[in-house]
Amino acid sequence: MNKALRRPVIAGNWKMNKTPDEAKALIEEMKPLVADADCDVVVCVPYVDIPAALEATAGSNIKVGAENCHWAESGAFTAEISAPMLKAVGVPYVIIGHSERRQYFGETDVTVNQRTKAALASGLKVILCVGELLEQREQGITEEVVRYQTKIALGGVSAEDLKNVIIAYEPVWAIGTGRTATAEQANEVNAAIRACIAELYGKDAADATVIQYGGSMNAKNAAELLAQPDVDGGLIGGASLKAPDFSVIVKAASV
Ligand code: 13P
């Protein structure tokens, strides 16, 4: 973290977990534990949990996010949710381009770009996920992959809109596997993403962009990862479903 330049953001990605009642209970447990956070705290929850999460977080320092949105404003897209719908219910954040969407649901760099632009046009803050597969890391093309993903995802995004973009570097091989990138690996790739942003938007914009790490971040390894200068927070899956663990990560970002 470099707190002189950027306020860290710790975001939970609950994925397909928790009913509305369970969401409310988890947030109630989290609230006192993260109340004095010196970072932004976000919980990204399944669509059906959004009303319960907004109600439970009202008046607290926890913000709510969705886990995806469609690129169209409305139309014949059965089961999809649009960015204006999320805006209308009062959700400030949305994750776009998570590797599980890319792996299991046919998400491409182009649709990630379309969704990103739609979310930004609706005034949402985007947590944009990029990250390489294990074989890509082994081939030594990690930087090329994340630069390619970042450039396509941000195509047509203005410098003004970039202020509402957080980038989450999530190496696919580290997600849900218990295998974390080392702090050095995380910092190296985050720095490469920042250099890419600098090429696209200039150094000041790059310095202001929050770049998280995600992939088996937990209560034990968070402090070391967050101590890296280019790691400005975390996108946390499994550990965000346990209030004590999540709060330890929030505290590690608050020092
Ligand atoms: P885990 O923290 O469970 O590895 O998940 C990371 C992730 O995918 C967050 O979006």
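Note that ligands are numbered from 1 as they come in the structure, with each ligand's atoms numbered from 1 the same way. Throughout, residue positions are numbered sequentially from 1 according to the sequence presented. Remember, it's a predicted structure, so these values are computed and weren't measured experimentally.
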Next item on the list: Could you tell me whether A174 approaches ligand 1 through its side chain, its backbone, both or neither, with non-hydrogen atoms closer than 4.0 Å?
Entry: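 The part of A174 near ligand 1 is the backbone, not the side chain.
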Fill in: L235 contact mode with ligand 1 (heavy-atom cut-off under 4.0 Å)
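It is both parts that get close, each with some atom under 4.0 Å.
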Under 4.0 Å from any heavy atom of [X], which atoms of ligand 1 are there?
{"X": "S216", "result": "1 (P), 2 (O), 4 (O)"}
{"X": "H98", "result": "7 (C), 8 (O), 9 (C), 10 (O)"}
{"X": "G215", "result": "4 (O), 6 (C)"}

Starting from [atom], find the nearest protein heavy-atom neighbour and note its residue, name and distance.
{"atom": "atom 3 (O) of ligand 1", "value": "G238 N, 2.8 Å"}
{"atom": "atom 2 (O) of ligand 1", "value": "G237 N, 2.9 Å"}
{"atom": "atom 5 (O) of ligand 1", "value": "K15 NZ, 3.2 Å"}
{"atom": "atom 7 (C) of ligand 1", "value": "E170 OE2, 3.2 Å"}

Q. Would a 4.5 Å heavy-atom cut-off, applied to side chains only, mark I127 and I96 as touching?
A.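 No, side chains not in contact.
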- Message: Is there a side-chain contact between I10 and I236 in this structure, where contact means two heavy atoms from C-beta onward sitting under 4.5 Å apart?
- Response: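 Side chain of I10 against side chain of I236, heavy atoms only: contact under 4.5 Å found.
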N-O pairing of [X] and [Y] below 4.0 Å:
{"X": "D230", "Y": "R194", "answer": "yes"}
{"X": "D38", "Y": "K3", "answer": "yes"}
{"X": "R7", "Y": "D40", "answer": "yes"}
{"X": "E143", "Y": "R137", "answer": "no"}

Indicate yes or no: does an N/O atom of G176 lie under 3.5 Å from an N/O atom of ligand 1?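 It does: an N or O of G176 is found under 3.5 Å from an N or O of ligand 1.
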Discussion item. Using heavy atoms and a 4.0 Å limit, tell me yes or no: is G214 in contact with ligand 1?
Written reply: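 G214 does not count as a contact of ligand 1 under the 4.0 Å cut-off.
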With N68, the side chain to side chain contact (heavy atoms under 4.5 Å, CB included) member among E100, R101, H98: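 Only one of E100, R101, H98 forms a side chain to side chain contact (heavy atoms under 4.5 Å, CB included) with N68, namely R101.
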Point to revise | Under 3.5 Å: donor-acceptor pair, side chain of S99, backbone of R102 | key: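 No; judged by distance alone, with no hydrogens or angles, the pair does not exist.
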